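Some notes on the structure that comes next.
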Amino acid sequence: MSQTTAVVGAHDPGDAVPAPPGSEFAPLLRTVKSRGLLERRRAWYALCLSVNALALAGIVTGIVLIGDSWTTLLLAPLLAVFGARTAFIGHDAGHSQIAGGKTANRLIGLIHGNLLLGMSYSWWNDKHNRHHANPNHIDKDPDVVADILVFTGEQAKHRSGFRRWLTLNQAWLFFPLTLLEGVALKVHGFQDLRRQPRRDRTVEGALLVGHVAAYATLLLTSMSPGKALAFAALHQALFGLHLGLAFAPNHKGMEMPDPNGERWGHLRRQVLTSRNIRGGPLTDWFLGGLNYQVEHHLFPSMPRPNLRLAQPLVRAHCEDVGIPYVETGLVDSYRQALRHLHEVGEPLRPEWTERRRSG
């Protein structure tokens, strides 16, 4: 672990697994509740949603007014940045952070996910809730299932052909691959419609199609097909990269529970598998509050602006019970995550080198 990483608690994460009798989380929960940190922040979110809507409206207006010019492409990065803000709002709605009722949160999520981004709110919620229930659990967390990337040596052993090459180079390929994430999220949303009940499928499908139609209409009526395609490619690539930059530091390279070992309690399961990112208001804005990953995982419904207020309480409690609390800088978090991806593929390298020599 890097020297810039702050770790509270004297125990190694592996030594911290056995939990004492009783719930280690209950005293922290009582403290957080007594401070009112789980109460809704409606005014804060109203301002957040309003500013984001005005920014998106301003960017769309700029696209229409500038029109068929390569200068319009300068608005693609801005649309990507505020698209990520929109995704963060959808994420918060999915965790019931914004409104008190399920219906209102779902409506906010459908607007910001399906309509504005073309991402399925139901698909994201189902996948993300399974991640929250068992973060970094190789059998239960969909975020660490072997796919394009792998996260354990055991997964790497079963790779062959082109996938083996991907595993060998996954640390170098990680951020380039995120350039495709914006499109991949849309594809997953459409594919998931088959899983959804008919009523949800109708609503979500209509909004997803509405997004695609509105997006294509905006670009093709404002620009020539070539410029529209260039704008879309740049926008979607930067949007995916931004989301990758926000999600990459959170869990990669952190503890992974042993599927056959003792089950950790809520506090250890969430703290040992999560990494916080040190920073100020700009970091909070850029990462959408996900830099408080430990607090967010312990209290998923806690409103985003309260996470910073809860951090000292969580850190102190972890120190009291002897659980490592990991916090590092943004750049170092990427270094740690990429180092883990590189190390996972390390056992394959001698065999790969030998094959190339003999081939």
Side-chain angles (χ1 to χ4, degrees), residues 48-49 51-60 62-63 72-95 97 109 111-121 123-124 127-128 131 143 148-149 170-189 211 215 218-219 230-252 275-293 296 304 307 328-338 341:
C48 179
L49 268 66
V51 169
N52 192 69
L54 288 172
L56 291 176
I59 294 168
V60 169
I63 292 172
T72 310
L73 269 66
L74 296 175
L75 295 175
L78 275 179
L79 189 58
V81 167
F82 283 96
R85 314 269 78 69
T86 305
F88 295 147
I89 292 171
H91 167 270
D92 292 2
H95 284 296
Q97 295 178 17
I111 292 173
H112 288 79
N114 294 58
L115 184 60
L116 294 179
L117 295 178
M119 291 170 49
S120 170
Y121 175 75
W123 168 76
W124 172 258
K127 175 178 179 290
H128 196 58
H131 158 70
D143 288 354
I148 294 177
L149 304 177
Q170 62 181 6
W172 295 102
L173 293 172
F174 177 77
F175 284 115
L177 286 170
T178 63
L179 298 174
L180 303 174
E181 186 65 14
V183 174
L185 291 170
K186 293 172 174 58
V187 172
H188 288 312
H211 167 82
Y215 186 72
L218 170 66
L219 298 188
F231 185 99
L234 181 61
H235 167 223
Q236 297 300 330
L238 294 178
F239 173 66
L241 177 62
H242 193 335
L243 291 185
L245 289 170
F247 287 105
N250 300 338
H251 302 283
K252 291 175 178 60
R275 177 193 293 112
N276 272 19
I277 306 303
R278 191 183 301 112
L282 182 60
T283 304
D284 294 358
W285 181 83
F286 180 72
L287 298 180
L290 297 178
N291 44 313
Y292 303 105
Q293 192 68 194
H296 171 56
R304 193 194 310 176
L307 294 171
T328 189
L330 182 61
V331 174
D332 191 57
S333 72
Y334 296 138
R335 186 181 297 115
Q336 292 181 35
L338 296 178
L341 293 176

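Position 1 is the first residue of the sequence; numbering continues from there. Everything quoted here is computed from the prediction, not taken from an experiment.
Minimum heavy-atom separation, T178 to G244: CG2-CA, 4.0 Å. Between A93 and G109, the shortest heavy-atom distance links the atoms CB-N, 3.9 Å. For Y215 against Q236, the heavy-atom pair with the smallest separation is OH-NE2, 3.4 Å. The nearest pair of heavy atoms linking L73 to L234 is O-CD2, 3.7 Å. L75 and G62 make their closest contact through CD1-C, 3.5 Å (heavy atoms, listed as atom of the first residue, atom of the second, distance).
Interatomic distance, CG of L56 versus CG of L116, reported as 6.5 Å (0.5 Å rounding). D143 CG to K127 NZ: the interatomic distance, rounded to the nearest 0.5 Å, is 3.5 Å. In this structure, the separation between CG on D284 and CD1 on I277 is 11.5 Å, given to the nearest 0.5 Å. Considering CG of N250 and CG of L290, their distance stands at 5.5 Å, rounded to 0.5 Å. The line from CZ of R304 to OH of Y292 is 11.5 Å long, rounded to the nearest 0.5 Å. Separating the CG atom in L117 from the NZ atom in K186 is a distance of 6.5 Å, to the nearest 0.5 Å.
Residues H296 and Q97 have side chains in contact (heavy-atom distance under 4.5 Å, counting atoms from C-beta outward). The closest side-chain heavy-atom distance from L243 to L185 is below 4.5 Å. Under the 4.5 Å side-chain criterion, counting only non-hydrogen atoms from C-beta, F175 is in contact with L338.
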Starting from the C-alpha separation in whole Å, work towards a yes-or-no answer on side-chain contact (heavy atoms from CB on, under 4.5 Å) for L218 and I63. CA-CA 8 Å; L218 170 66; I63 292 172; 4.1 Å; yes
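Between the side chain of Q170 and the main chain of L149, no donor-acceptor pair closer than 3.5 Å is present. Distance alone, capped at 3.5 Å, places no donor-acceptor pair between the Y121 side chain and the H112 backbone. A donor-acceptor pair under 3.5 Å is formed between the side chain of R85 and the backbone N or O of W285. Judged by distance alone, the side chain of Q336 and the main-chain N or O of S333 form no donor-acceptor pair under 3.5 Å. Of the possible donor and acceptor atoms, one in the side chain of N276 sits under 3.5 Å from a partner among the backbone N and O of Q293.
Note: F239 and H235 have tilted aromatic rings, judged against thresholds of 30 and 60 degrees for the angle between ring planes.
A centroid separation of 6.0 Å or more is found between the aromatic rings of F247 and H131.
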Tell me which donor-acceptor pairs under 3.5 Å the side chains of residues 77-84 have, and how far apart each pair is, sequence neighbours excluded?
none

